[in-house]
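Scroll down for the structure; my scribbles are underneath it.
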Protein chains: 2
Amino acid sequence: MPDAADPAPMNARRKFRREGEERRRQDLIDATLDSVAEHGLEGATVRTIALRAGVTAGLIRHYFPGKEDLLQEAYAALMGRMTEQAKAALVMEDASPRQRLAAFVTANLNAPIIDQRVFSLWATFIGRAGADPTLARAHREGYLGFRNEVEAVVAEVLAAERRKPDAAELRHHAIAINAIIDGLWIEGCLAGEMFSPGELAAIGIKAIEAELGLAPEQGGNQ
Amino acid sequence: MPDAADPAPMNARRKFRREGEERRRQDLIDATLDSVAEHGLEGATVRTIALRAGVTAGLIRHYFPGKEDLLQEAYAALMGRMTEQAKAALVMEDASPRQRLAAFVTANLNAPIIDQRVFSLWATFIGRAGADPTLARAHREGYLGFRNEVEAVVAEVLAAERRKPDAAELRHHAIAINAIIDGLWIEGCLAGEMFSPGELAAIGIKAIEAELGLAPEQGGNQ
DNA sequence: GGCGTTGTTGTGCAAGTGTATAAATAGCCT
DNA sequence: AGGCTATTTATACACTTGCACAACAACGCC
């Protein structure tokens, strides 16, 4: 008679807790990014994502109209974090424009922005920008925002050197500097162990100073 | 009585031609790249690929052990074409090192290397480099090969200017120049219509000359 | 021209996909 | 404590996926 009063029913329904809506959405988005980073878009199935988030697959559809919407929000969250971190280094106060530019470059060429997982996510999503106009526009806006930040700092740096560049010149500098940062970022993410700590940032700062025609710093700060 | 002697039997088996093995493999690889570029890795199913190649899905398994192998070979083919095109601009003869460097940059920052489809493919595949060691190594080799080419040209350019850089300096220049080209390549692929023709190449050449400390060209060639 | 080889097709299948929906239960309000 | 409600689970379903396999027919060879 092990049938009647079994103290451990084998068809026990899984225990669960009710989390707040915001918390669940964040967990699902984070689980989505983890899944995409690890297995690519193809491997990011609702079941994989749900497993990672510690819930069952059905719950996804309770918070998102469909899987596509979850992916969209995950990409938006990723971009938001990236640009937020990147710009954070610019808000230094009590620093010369040149120091701020150097700090900006250094921040963008070290952890946590140099990170293989973030790069994988970026590449995976951006690869679909050619086919998905929504992604393409999201990228364009992020890129232009970033470039405008660069352009603003460059203008300050040159102003401090009493140089008065015209708009076209400024734009070219911003494009070039953006390329230097992006290119070094990729190199660092894909082959970080080939560079010693701080090496990429040093290369980037020197390249940017050359681009702007600044004399190399002589002994240190100021 | 349209039943008996129907001249067009509705269960007609599809007509086909036997292509050479190399031709079929190439067609399948091209169809794979097209599918990946258009729908991403997730949308590149054996049926989609076969449809694009003008064959039926079963044939894929006649030429490749599995879908994964087809993807691997497609990625290898992509990388091969990219590096081949990129290096082709370096074989100019009867040109000064500096002209060769400029030609190299120009070639890499215009069509057909600046191309949204190629970028989509690159990003899609490289996004998996973090998880797939095979891909990671393939990229690393391609990258180092590219950077060594850059380093060699840079050495020639500096030698022509009677400068004798040490190995570390040379390496840093190569890393920076590589980053400039990569970064501008990405900008051009993702937002090509934001730049006028030749603008990216001009920006790249100026940035690289600044990096190398070369005086701007005065009037034209030589 | 017939024939064998094998490139090619078509069908089948088990596993996995996103989504729909009913059943259950955790936690709040009174 | 007890019920209400919305979060969460579980199951079902139609569809797609990669792959296996047998039937077929295009092409070279005699």
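Note on naming: letters A, B, ... go to the chains in the order of the sequence lines (proteins, then strands), and numbering restarts at 1 for each one. Because only heavy atoms are used, hydrogens play no part in the values below, and waters and symmetry mates are left out as well, while side chains stay in.
Salt-bridge check for A/R17 with A/E19: passed, with a basic side-chain N closer than 4.0 Å to an acidic carboxylate O.
The CG-C1' distance, from A/L71 to C/dG18, rounds to 12 Å in whole Å. For A/F64 and C/dT19, the CZ to P distance is 13 Å, given to the nearest whole Å. As a whole-Å value, the separation of A/E21 CD from C/dG27 P is 17 Å. The nearest whole Å value for the distance from the CD1 atom in A/I49 to the P atom in C/dT19 is 11 Å. A straight line from CG of A/L70 to P of C/dT19 spans 10 Å, rounded to a whole angstrom. Look at NZ on B/K15: it is 11 Å from P on C/dG10, rounded to the nearest Å. C/dG16 atom C1' lies 15 Å from atom CG of A/L51, rounded to whole Å.
Every residue meeting the side chain to side chain contact (heavy atoms under 4.5 Å, CB included) condition with A/M79, not counting sequence neighbours, appears here in chain and number order: A/Y75. Residues satisfying the side chain to side chain contact (heavy atoms under 4.5 Å, CB included) criterion with B/A95, sequence neighbours excluded, are B/M92, B/Q99, B/R100. Taking B/A201 as the reference, B/T106, B/L109, B/N110 meet the side chain to side chain contact (heavy atoms under 4.5 Å, CB included) condition, with sequence neighbours excluded.
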When you compare the protein's N or O atoms with those of nucleotides 14-19 of chain D, which come within less than 3.5 Å of each other, and at what distance?
residue	atom	partner	partner atom	Å
D/dG18	OP1	B/K67	NZ	2.5
D/dG18	OP2	B/V46	N	2.8
D/dG18	N7	B/R47	NH1	2.8
D/dG18	O6	B/R47	NH2	2.9
D/dC19	OP2	B/K67	N	3.0

Could you list the protein-to-nucleotides 28-30 of chain D atom pairs, N/O on both sides, closer than 3.5 Å?
none

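Residue A/R81 qualifies as enclosed at atom CZ: its count of foreign heavy atoms under 6.0 Å is above 12.
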Contact state string [nucleotides 2-7 of chain C, B base, S sugar-phosphate only, - no protein heavy atom under 4.0 Å]: ----BB

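Each salt bridge (Lys or Arg N to Asp or Glu O under 4.0 Å) pair with one or both residues in residues 101-112 of chain B, not counting sequence neighbours, would appear here, but there are none. Legend: salt bridge (Lys or Arg N to Asp or Glu O under 4.0 Å) pairs involving residues 106-131 of chain B, not counting sequence neighbours, sorted by first then second residue: A/E42-B/R128, B/D34-B/R117, B/E68-B/R128. For residues 172-182 of chain B, there are no salt bridge (Lys or Arg N to Asp or Glu O under 4.0 Å) pairs, not counting sequence neighbours. The stretch residues 184-207 of chain A participates, sequence neighbours left out, in these salt bridge (Lys or Arg N to Asp or Glu O under 4.0 Å) pairs: A/E193-B/R140, A/E199-B/R171.
Taking CD1 from A/I203 and CD1 from B/I177, the interatomic distance works out to 11.0 Å, rounded to the nearest 0.5 Å.
Under the 3.5 Å distance criterion, the side-chain polar atoms of B/T48 are left unmatched by any main-chain donor or acceptor of B/A44. With A/N108 contributing its side chain and A/F104 its backbone, the two residues share a donor-acceptor pair below 3.5 Å.
Only at 4.0 angstrom or more do the heavy atoms of residues 27-37 of chain B sit from any atom of DNA chain D, so none qualifies.
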Which side-chain N or O atoms in residues 50-60 of chain B pair as donor and acceptor under 3.5 Å with protein atoms at least two apart or in another chain?
residue	atom	partner	partner atom	Å
B/R52	NH2	B/E38	OE1	2.3

